[in-house]
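Note sheet for the following structure.
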Amino acid sequence: MALKSVPARPPESRTTVGRLWSSTVGKKAVMAVSGAVLLLYVVAHMVGNLKAFAGQESIDGYSAFLREFGQPILPHGGLLWIVRTALLVAVAAHMTAAIQLARRARRARPAGYERRPKVQGSYAARTMRWGGVIIALFVVYHLLDLTAGVLNPHGVQGEVHSNIVADFQRWYVVLAYTVAVVALGFHLRHGIYSGLRSLGVASAARAKAVKATALGVSVAITAGFLSVPFAVLFGIVR
Amino acid sequence: MSHYREGAPITDTRAPDGPLETRWERRRFDARLVNPANRRKLKVIVVGTGLAGGSAAATLGELGYQVTSFCYQDSPRRAHSIAAQGGINAAKNYRGDGDSVHRLFHDTVKGGDFRSRESNVHRLAEVSTQIIDQCVAQGVPFAREYGGLLDTRSFGGAQVSRTFYARGQTGQQLLLGAYQALARQIHAGTVRSHPRTEMLDLIVDGGRARGVVVRDLVTGEISSHLADAVVLATGGYGNVFHLSTNAKGCNTTAIWRAHKRGAYLANPCFTQIHPTCIPVSGDHQSKLTLMSESLRNDGRVWVPQQAGDPRAPGDIPEDERDYYLERLYPGFGNLVPRDIASRAAKAVCDAGRGVGPGGLGVYLDFADAITRLGRAAVEAKYGNLFEMYQRITDEDPYAVPMRIYPAVHYTMGGLWVDYDLRSTIPGLFVIGEANFSDHGANRLGASALMQGLADGYFVLPAVIGDYLADGPFGEVSAESVDEAEDSVRAVVAALLAVDGDRTAESFHRELGKLMWDLCGMERGDEGLRTALARIPELRSEFWRRVKVTGSGDRLNQELEKAGRVADFLELAELMCVDALHRTESCGGHFRVESQTAEGDARRDDDAFSYVAAWEHTPAGPVLHREDLVFETVKPTVRSYR
Amino acid sequence: MNYTLRVWRQDGPAAEGRLVDYEVDGITPDMSFLEALDLLNERLVLDGEEPVAFDHDCREGICGMCGLMIDGVAHGPQRATTTCQLHMRSFDPAHPVVVEPWRAHPFPVVRDLVVDRSALDRIVEAGGYISAPTGSAPEAHAVPVPKPDADEAFESAACIGCGACVAACPNGSASLFTAAKVTHLGLLPQGQPERTSRARDMAQAQDDLGFGGCTQTGECTAVCPKGIPLETISRMNRDVLGGLLRSR
Ligand SMILES: Cc1cc2nc3c(=O)[nH]c(=O)nc-3n(C[C@H](O)[C@H](O)[C@H](O)COP(=O)(O)OP(=O)(O)OC[C@H]3O[C@@H](n4cnc5c(N)ncnc54)[C@H](O)[C@@H]3O)c2cc1C
Ligand code: HEM
Ligand code: HEM
Ligand code: SF4
Ligand code: F3S
Ligand code: FES
């Protein structure tokens with residue numbers, strides 16, 4: 001049969017990032033690293049949210065503290081902008097890589113099977129892409145809601161506690177947050193497990209431990225986040 | 001009526017004379033070399049990518065020749081060698097149990113029942129140690145002991161432990177090593193690989209083999225490839241029996257067409273029947289599955305003492321079992337060579353003591369081994385084989401003894417080659433199972449892998465230069481190419497034109513049964529004559545009644561199959577002629593007329609100490625004898641009792 | 001017994017394909033799946049039709065030539081089993097059995113159930129070997145290999161190159177196949193000098209041939225007839241990243 005050979009590829013990039021980005025394995029490493037940055041943020045954010053239980057001063061003060069941190073070396077809100085920049089870069093890298101890999105996957109498997117195979121592997125893995133989209137949509141809504149305040153019934157910047165309380169008294173907002181946070185939980189459960197493998201740090205011996213850690217972390221984050229809206233809904237936090 | 005004519009004997013085998021131990025060294029020194037710049041101008045075709053062809057193509061590529069490689073599978077990695085389970089012999093003497101090159105040589109000559117050439121066998125034993133080094137360097141994951149050194153086991157026909165193995169997948173691992181070496185050369189551009197391409201004829205021009213005609217199995221295109229030398233490494237023809245342990249695609253086409261172009265075919269009737277295969281379960285059976293011989297290391301073979309005993313094996317008490325191999329051959333017990341174990345199984349089944357469907361089976365029992373070593377140890381050694389057995393039979397061999405029965409496994413016969421692996425057509429080299437060389441009338445377990453790799457990695461690359469030193473051989477005449485291509489096209493067209501009412505498979509099945517019954521484990525004058533009468537009839541019926549649907553210009557597996565069956569139908573006849581003319585028993589060839597009172601094979605060294613090399617002529621086969629001379633190992637009665 | 005086999009028929013790479021129902025009687029539980037197809041094919045030929053093309057050779061689970069998508073599962077319902085080792089006793093005659101070819105962009109259909117898997121050879125050619133030209137080898141016992149490493153290397157070396165992992169992967173990724181080879185050679189002392197370059201080059205070939213990337217879905221290892229573990233992919237990623245971080 002006709003000899004088929006590997007198509008000629010463009011000359012290899014001379015920068016490390018360029019080489020990583022041009023390889024699927026490298027791109028997955030970028031996703032894993034950016035995912036780790038996002039994960040760190042989410043953990044910190046979740047912990048910060050728990051201050052809502054300590055009362056209005058605590059959480060509002062925390063918000064103010066974050067903005068005043070590092071003054072006078074940093075301008076007002078400086079830390080926040082550093083974090084925001086890091087987040088934006090991470091989200092951009094994470095999403096671009098996710099989209100490119102998804103399109104590549106579609107090209108690699110253009111046709112499906114007549115009888116839909118029942119899933120042999122993991123369901124969480126199959127929901128990564130939709131999960132990511134849900135999270136992304138949520139974040140947009142969430143920023144308009146609690147950061148910009150435009151979708152919030154209270155909507156005063158800096159008055160975090162009141163914003164939250166106003167928000168979560170409506171069941172459908174709680175529902176929307178629940179959906180997003182659960183999606184995040186699923187995303188993280190597979191993400192942590194997968195990210196470690198993408199970076200090549202998971203071995204057979206550690207596989208069980210990695211799986212358990214991924215599950216533990218994602219359950220903790222999900223529960224931590226959900227505690228605030230439900231506490232408001234049921235009047236524990238007011 | 002005689003079925004053949006006598007021709008001139010073969011006197012020159014190109015083996016150096018002088019002391020056996022230094023012949024190979026001298027041959028290598030005497031062989032002319034081709035300088036590296038000239039090698040780039042020389043083309044070599046290698047047909048087959050098994051252990052022999054894969055290792056040869058890779059090594060010739062490394063040396064700098066322009067190599068073209070062919071196989072019929074979709075990847076070179078799938079050649080039939082992949083299925084070898086048990087292991088590969090080498091005279092490393094890592095155990096310090098008294099092994100040596102000389103002992104391996106000695107065992108192989110004796111195991112072959114004194115029907116092989118001493119010079120060749122000695123070379124094989126010498127090269128064996130290099131093979132292990134080479135394979136380890138390539139990353140072949142042989143079994144190792146806790147200290148990190150290589151493990152070995154013992155195999156049928158040997159009393160030392162010299163068989164290297166990789167669980168039950170030794171052939172696979174060795175082949176992948178050769179395949180990877182080949183892949184490296186393909187990448188380097190020294191080898192061009194053509195999978196899914198079948199060789200259908202040899203191009204001979206000016207008395208030299210100069211190329212092959214091939215059919216692209218995907219597009220159906222028939223084309224020619226030209227070269228300065230052609231190497232056939234196309235494996236064995238055991239599938240002439242339809243049911244065998246060979247892969248479904250194994251065929252005789254390449255060597256048979258070369259035979260028809262002038263290459264002599266030697267000892268075609270020497271077939272090896274393997275004692276440990278899973279018995280046939282019904283008419284639908286498409287192939288037989290081997291259970292590695294290594295199982296006989298720990299499994300004990302027995303049948304009930306009483307014929308037709310209806311009890312389940314577990315219910316038969318110890319003293320009503322007949323461990324017949326241990327009883328008849330106390331020296332070797334369950335480890336007697338294959339031919340002996342096979343015939344013994346047939347004998348007890350013929351006596352009505354066989355077990356399983358149709359009484360065609362004997363037990364291979366691991367109960368003792370499991371008690372002695374523990375289930376875990378047995379599983380570590382044979383787990384994959386047990387699993388395979390369970391898949392096929394739906395029985396658990398840890399709980400009930402396996403049932404086994406002999407099946408066709410290997411063909412010692414093949415194209416005749418001299419010491420330099422040259423066939424009788426100049427420029428046509430033959431290596432691996434496709435040639436007849438080193439195993440005489442019976443091959444010892446774990447020796448085929450050794451021979452394939454010896455030929456491919458070490459022997460052929462060392463001797464081919466001596467021939468190619470005269471090259472390049474110039475243009476090939478258009479007439480020779482056209483004539484060969486036309487004859488291939490004619491065969492393809494003829495197969496498609498018959499449009500009869502029987503499938504190629506049905507002819508194959510019928511031929512196989514005939515060969516198994518009349519030219520199988522036991523052959524007799526009367527049966528062989530019947531076969532010789534029946535085969536030409538079957539062949540003409542084939543050409544009148546075979547039905548091949550579809551067309552020749554694309555993937556057509558029915559057409560491939562029919563072409564292979566057509567060649568088997570011709571080869572089978574020569575096998576029977578050879579079996580009929582050799583009225584002695586030796587090795588895998590057991591003539592009922594020539595046995596001892598105890599039913600053992602009786603060799604006739606005065607009359608048959610020769611290789612029977614057959615020439616193809618329009619008037620029928622012509623026999624050329626190559627006398628065998630034994631200077632070092634004196635032929636003795638091969639007794640394992 | 002009587003089975004309905006719903007088989008993908010496609011004349012050639014460019015032709016449209018479709019599923020066709022065949023009623024096959026006389027199938028026994030001891031028959032292998034491929035023997036049932038043989039039976040169907042003999043009847044088709046006698047009826048003057050073209051038989052169903054499918055790849056197979058050794059029929060004992062080692063050559064990797066066979067491979068069919070059976071009821072949506074690569075190599076059929078029984079785990080750790082190739083198509084040729086599958087027996088009809090695993091199927092319920094009450095339901096039609098759907099038989100399709102491997103599907104992936106780098107595996108174009110050649111005809112019916114036969115696909116072109118030569119892309120896997122290309123991956124190996126890109127670096128799936130230890131460069132040890134014939135004759136250059138040191139004495140085999142010069143380098144002992146710890147038994148656990150040798151055993152683990154063997155486990156990965158058992159890959160038969162069937163391509164079921166690619167067929168099952170929702171991303172059309174050949175990662176398990178590639179990782180098996182990278183792991184086999186990367187665990188052995190002989191394989192160290194080329195370890196990261198080998199992994200990088202094979203992974204690159206995989207990308208260039210149009211396979212998808214791995215998102216750790218785990219479908220591959222579930223259908224792999226030789227049970228190649230998923231951890232091999234992690235190991236491969238480590239070696240590939242090692243190769244990518246270094247300029248050539
Ligand atoms: C089940 C089984 C187990 C075995 N176990 C052992 C063992 O443990 N130890 C041992 O030493 N031996 C064993 N053997 C024997 C051994 O495997 C073979 O003898 C040996 O592998 C043959 O190697 P080869 O390279 O000569 O040919 P093969 O490996 O048979 O290769 C033949 C090649 O030729 C190609 N080919 C054939 N015809 C054509 C054609 N017309 N056109 C193009 N290409 C063609 C094929 O594609 C293939 O690439 C076993 C054999 C079997 C069947
Ligand atoms: C808070 C936000 C997010 C976090 C913490 C996060 C985290 C992670 C992590 C750790 C991984 C594993 C990476 C790997 O397998 O190598 C991952 C994978 C993935 N993420 Fe996110 N992610 C976030 C947001 C998003 C968003 C907004 C998208 C939307 C497009 C997305 C899409 C994906 C996809 C598709 C994968 C799987 C990719 C793959 O395995 O190839 N993620 N994510
Ligand atoms: C249900 C639980 C959540 C609550 C109660 C909550 C609450 C808040 C509040 C009050 C702010 C504004 C803080 C401030 O202005 O000082 C905020 C900002 C933010 N939240 Fe959340 N959040 C929740 C879940 C999430 C989740 C799941 C994500 C990510 C996936 C997320 C991402 C963000 C981001 C990116 C910001 C903007 C930070 C910035 O100012 O740059 N939040 N959140
Ligand atoms: S990894 Fe498994 S499924 Fe993939 S090719 Fe190898 S054996 Fe087949
Ligand atoms: S199924 Fe595919 S996504 Fe990775 S884990 Fe296996 S290659
Ligand atoms: S035919 Fe060889 S693995 Fe199935």
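Values in this document were obtained by computation on a predicted structure and should not be read as measured data. Here is the naming used below: chain letters follow the sequence lines, and residue numbers restart at 1 for every chain.
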*Is B:Lys287 reaching over with its side chain to a backbone N or O of C:Cys58, donor-acceptor style, under 3.5 angstrom?*
yes
*Find the one option among C:Glu49, C:Glu50, C:His184 whose heavy-atom pairs under 4.5 Å with chain B are most numerous.*
C:Glu50
*Examine whether an atom of C:Val114 lies under 4.5 Å from a heavy atom of chain B, and if so say whether it belongs to the side chain, the backbone or both; otherwise answer neither.*
side chain
*Name the one of B:Arg196, B:Gln73, B:Arg78 that satisfies side chain to side chain donor-acceptor pair (under 3.5 Å) with C:Asp55?*
B:Arg196
*asked:* Let me confirm one number: the CD-CG distance from B:Gln180 to C:Leu185, rounded to the nearest 0.5 Å.
replied: 5.5 Å
_Proximal component of B:Gln130, with respect to chain C [non-hydrogen, under 4.5 Å]_ = neither
*Heavy-atom proximity to chain C below 4.5 Å, by part of B:Asp151*: neither
_Taking 4.5 Å as the heavy-atom cut-off, does anything in residues 35-43 of chain C contact chain B, and if so which residues?_
C:Glu35, C:Asp38, C:Glu42
*Determine which residues belonging to residues 129-136 of chain C lie within contact range of chain B, meaning some heavy atom pair is under 4.5 Å apart, and list them by number or answer 'none'.*
C:Tyr129, C:Ile130, C:Ser131, C:Ala132, C:Pro133, C:Thr134, C:Gly135, C:Ser136
*Picking from B:Glu505, B:Lys561, B:Arg502, B:Glu558, what satisfies side chain to side chain contact (heavy atoms under 4.5 Å, CB included) with C:Val45?*
B:Glu558
*Side chain, backbone, both or neither: which part of B:Leu63 has a non-hydrogen atom closer than 4.5 Å to chain C?*
neither
*Using non-hydrogen atoms and a 4.5 Å limit, figure out which bit of C:His87 sits close to chain B: side chain, backbone, both or neither.*
side chain
*About how many Å separate CG of C:Asp112 and CG of B:Leu555, when rounded to the nearest 0.5 Å?*
8.0 Å
*B:Ser81 versus chain C, heavy atoms under 4.5 Å apart: side chain, backbone, both or neither?*
neither
*Under the salt bridge (Lys or Arg N to Asp or Glu O under 4.0 Å) rule, what do B:Arg144 and C:Asp149 come out as? Steps first, then yes or no, please.*
CA-CA 10 Å; B:Arg144 291 188 182 256; C:Asp149 288 351; over 6 Å; no
*May I ask you to name which of C:Leu34, C:Leu188, C:Asp57, C:Ile62 has the most heavy-atom pairs under 4.5 Å with chain B?*
C:Asp57
